[in-house]
Protein chains: 2
Amino acid sequence: MARPSHPPNADSPPKRPRLADVAKMCGVSAATVSRVLNQDAKFSARPEVRQRILEAAATLGYAPDLTARNLIRGKTQIIGVFGSPEMQVGEGINNDAFAGIADAVRDHDYDVFFELTSHHATDSSLPSWRFDGAILVQAPPATLIDDLDHRRIPYVTINEPVGQPVASILTDDVGGTLLAMNHLADLGHRRIAYANAYPGYFRHYSITERHGTIVSFCQEHGLTLVPGHDADFQDGEAFLKNAVEQHHATAVICYDHRIAISVLGASYRLGIPVPGTMSLLCYNDLFPVDRVYPAITTVAVNAREMGRRAARVLIEIMDGQTQPDDVTPVRLDENLIVRDSTAPPPAN
Amino acid sequence: MARPSHPPNADSPPKRPRLADVAKMCGVSAATVSRVLNQDAKFSARPEVRQRILEAAATLGYAPDLTARNLIRGKTQIIGVFGSPEMQVGEGINNDAFAGIADAVRDHDYDVFFELTSHHATDSSLPSWRFDGAILVQAPPATLIDDLDHRRIPYVTINEPVGQPVASILTDDVGGTLLAMNHLADLGHRRIAYANAYPGYFRHYSITERHGTIVSFCQEHGLTLVPGHDADFQDGEAFLKNAVEQHHATAVICYDHRIAISVLGASYRLGIPVPGTMSLLCYNDLFPVDRVYPAITTVAVNAREMGRRAARVLIEIMDGQTQPDDVTPVRLDENLIVRDSTAPPPAN
DNA sequence: CTGTTAGCGCTTTCAT
DNA sequence: ATGAAAGCGCTAACAG
């Protein structure tokens with residue numbers, strides 16, 4: 001049983017109505033229809049004609065072909081958002097960054113699209129699309145960057161210093177790490193462990209920045225960074241057996257919230273009280289760090305603000321309000337949010 | 001230090017090179033350039049000419065204007081993905097659904113874009129763009145659906161039965177709920193509590209389906225569903241005080257993983273052993289249900305497969321391989337994943 | 001092998 | 001107040 005509107009042997013392939021169809025139906029020219037439908041300001045049509053056009057358009061179900069409109073206008077009013085091929089939209093801070101982009105764009109006449117299919121079988125990296133601007137979230141493929149440069153499409157980068165963007169928004173991981181380390185040092189911790197990134201994580205400057213800052217802080221302040229800090233994170237229990245049981249760390253810093261949750265789960269399995277025996281702290285103030293028990297102290301990356309800033313700068317440039325003279329990389333502060341998982345080390 | 005490529009006082013606004021520019025530079029026609037650059041199969045150019053064209057294009061930094069190409073080809077090869085205005089891309093099962101869409105599209109000549117800015121200040125709901133097809137993930141605004149119908153753009157819906165899609169992919173919440181209930185009943189639970197959705201959640205058919213199925217299962221099997229099951233979820237501790245401490249439920253089902261995490265955290269604060277005193281079970285097999293302690297038993301919605309199926313069907317229809325005769329709503333099975341948070345009720 | 005020509009569907013002067 | 005006409009940049013017949 002076929003749908004009435006779509007007979008299988010359709011003599012008339014359901015073709016979308018054109019501007020000319022509406023014009024013909026009303027006995028006016030296409031130009032007039034265009035002007036009426038676009039509510040052209042400096043133009044008034046006879047009410048009777050206007051009415052006829054509106055009705056005809058509705059009857060036919062006319063909708064303009066945006067491809068044609070974009071061609072003649074020379075722009076699409078679309079901002080493309082791109083990430084690395086491995087990137088998950090819901091992963092880590094990305095979701096917040098997107099929300100920030102949406103915040104900034106809300107009152108402007110732009111649409112924002114995120115590409116879901118980063119890696120293509122096809123050769124060309126840019127999609128069959130024309131963007132007026134782009135936002136790059138975390139290391140997109142080099143070919144994409146080349147393509148953007150090539151096509152003279154302005155772009156800003158979030159959380160990744162690549163290409164020749166018109167602006168670049170980063171987060172101050174060094175500063176955030178210092179907040180965390182000072183917090184632990186102030187509490188009296190002297191033996192620290194660091195649960196580094198998962199091996200599967202794509203390389204990111206935050207990995208080296210966080211680790212490097214922790215290492216140097218410990219050196220400068222005479223703290224002990226127990227072995228294992230430079231290995232990829234594999235498993236919560238193995239990590240704690242080494243770091244806490246064997247090397248007596250009293251505080252564990254995790255590269256991100258996911259690792260922290262795994263470590264916290266492992267602490268229960270091994271019977272290590274948190275924060276009694278071991279304090280726990282991680283980067284990324286994301287679900288579910290504030291809902292687990294104990295709630296986890298975190299270094300918060302303000303990803304939403306990063307998204308906002310990025311989109312705002314890009315829009316200013318696209319609207320011609322700003323010249324992309326120099327790329328001034330913005331570094332946003334990170335915050336320390338102290339919760340229940342950090343406390344002074346055990347007395348013994 | 002200004003960028004060499006972008007002198008601040010540019011007399012020549014950096015205009016993108018056109019096909020004609022390349023043609024002129026090579027002393028050939030635009031058509032020839034087009035054919036060479038598009039690697040037209042049934043066409044061979046003199047190697048010398050081809051070489052000249054390639055070089056000229058590279059020199060000028062030529063990239064085709066996709067808007068024009070799309071106009072003449074009459075299609076964009078783009079699939080748009082839309083969600084409700086409130087929807088977060090990283091929220092719940094969305095991320096998996098997107099991954100599934102990407103899976104399916106990978107080997108096809110389509111690009112997929114997700115709209116990040118659902119609610120516009122402008123009147124028109126569809127962006128200034130032309131899609132060849134669309135995938136709707138969770139109740140998009142009615143105006144969008146009208147627009148799609150209007151523009152004769154085929155679309156499929158995921159997890160939301162709306163509009164007149166060419167296909168519709170749903171999940172079998174009734175079946176999943178029965179798996180969960182039977183599991184608890186088999187373990188010997190007789191007093192069940194249900195932590196329903198947060199008030200902020202946008203309405204979704206799963207809310208009524210899950211709740212309704214639990215209610216009727218309890219009735220039919222003589223189980224007690226303790227009070228509070230029809231109220232919005234507010235707070236883990238308040239919920240447990242009522243459900244477990246006051247009404248002696250031995251098992252708690254949560255509408256989703258987020259609520260389950262809150263309830264689990266509250267169980268620690270209130271000193272209620274899980275699963276010793278109270279079993280815990282939730283929908284959505286998402287981070288971090290398998291990493292917390294105890295790992296949570298879940299009803300898994302296969303969102304990735306939903307995304308795959310949706311995209312696959314849509315592509316088949318867009319490629320003309322399938323006629324959208326009747327919309328046969330697909331209902332995908334849910335799975336029960338038993339972990340450590342469910343056990344027989346206490347003996348007393 | 002390659003150039004010429006005719007549009008794709010719409011917007012926008014320039015006339016009337 | 002409205003129509004005619006000229007493209008936007010590219011591609012695809014159709015010639016040669």
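Convention: sequence-line order gives letters A, B, ...; per-chain numbering from 1. Just so you know, these numbers come straight off a predicted model, no measurement behind them.
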Q | Closest to the A/Ser34 side chain, choosing from C/dT12, D/dG3, C/dT2 | A | C/dT12
All N/O contacts under 3.5 Å from nucleotides 14-16 of chain C to the protein, with atom names and distances to one decimal?
none

(Q) What is the distance, to the nearest angstrom, from the CD1 atom on B/Ile53 to the P atom on D/dC10? (A) 14 Å
Q: Report the residues that fulfil side-chain hydrogen bond (donor to acceptor under 3.5 Å, both in side chains) with A/Asp21, sequence neighbours left out, ordered by chain and then residue number.
A: none
**Q.** Terminal axis angle for the helix from C/dC1-D/dG16 to C/dT16-D/dA1, five pairs an end, nearest 10 degrees
**A.** 40°
Q. Would you say D/dT2 has OP1 or OP2 under 4.0 Å from some side-chain N or O of A/Thr32?
A. no
Q.
Does any part of the side chain of B/Val330, heavy atoms only, come nearer than 4.5 Å to the side chain of B/Ser168, both counted from C-beta?
A. no
Q | side chain to side chain donor-acceptor pair (under 3.5 Å) contacts in which one or both residues fall within residues 309-318 of chain B, not counting sequence neighbours | A | B/Glu316-B/Thr322
(Q) Output the rounded distance in Å from CD (B/Glu48) to P (C/dC1). (A) 12 Å
Q | Listed partners of A/Asp96 passing side-chain hydrogen bond (donor to acceptor under 3.5 Å, both in side chains), at least two apart | A | none
Q: Whole angstrom is fine here: how far is it from CG in B/Leu66 over to C1' in C/dC8?
A: 15 Å
Q: Kindly write out the residues that satisfy side-chain contact (heavy atoms from CB on, under 4.5 Å) with B/Ile101, not counting sequence neighbours, or none if the list is empty.
A: B/Val81, B/Phe98, B/Val105, B/Val112, B/Ile135, B/Ile158, B/Ala311
Q: Using the test salt bridge (charged side-chain N to carboxylate O under 4.0 Å, His left out), find all partners of B/Asp132 that sit at least two apart in sequence or belong to another chain.
A: none
Q: Could you tell me the separation between the CG atom of A/Asn70 and the P atom of C/dC10, rounded to a whole number of Å?
A: 12 Å
Q: Could I get the full list of side-chain hydrogen bond (donor to acceptor under 3.5 Å, both in side chains) partners for B/Glu305, not counting sequence neighbours?
A: B/Arg308
**Q.** Phosphate OP1/OP2 of C/dT11: any A/Asn38 side-chain N/O under 4.0 Å
**A.** yes
When you compare the protein's N or O atoms with those of nucleotides 7-9 of chain D, which come within less than 3.5 Å of each other, and at what distance?
unit_1, atom_1, unit_2, atom_2, d
D/dG9, OP1, B/Arg18, NE, 3.4
D/dG9, OP1, B/Arg18, NH2, 3.3

**Q.** Pairs involving residues 48-61 of chain A, ordered by first then second residue, that meet side chain to side chain donor-acceptor pair (under 3.5 Å) (sequence neighbours left out)
**A.** A/Arg46-A/Glu48
Q. Can you name the salt bridge (charged side-chain N to carboxylate O under 4.0 Å, His left out) partners of A/Arg304, sequence neighbours left out?
A. A/Asp103
Q | side-chain contact (heavy atoms from CB on, under 4.5 Å) against A/Asn159, all qualifying residues, sequence neighbours excluded | A | A/Ile93, A/Gln138, A/Thr171, A/His204, A/Tyr205, A/Met306
Q: Drop me the distance from B/Gln88's CD to B/Asn94's CG, to the nearest 0.5 angstrom.
A: 9.0 Å
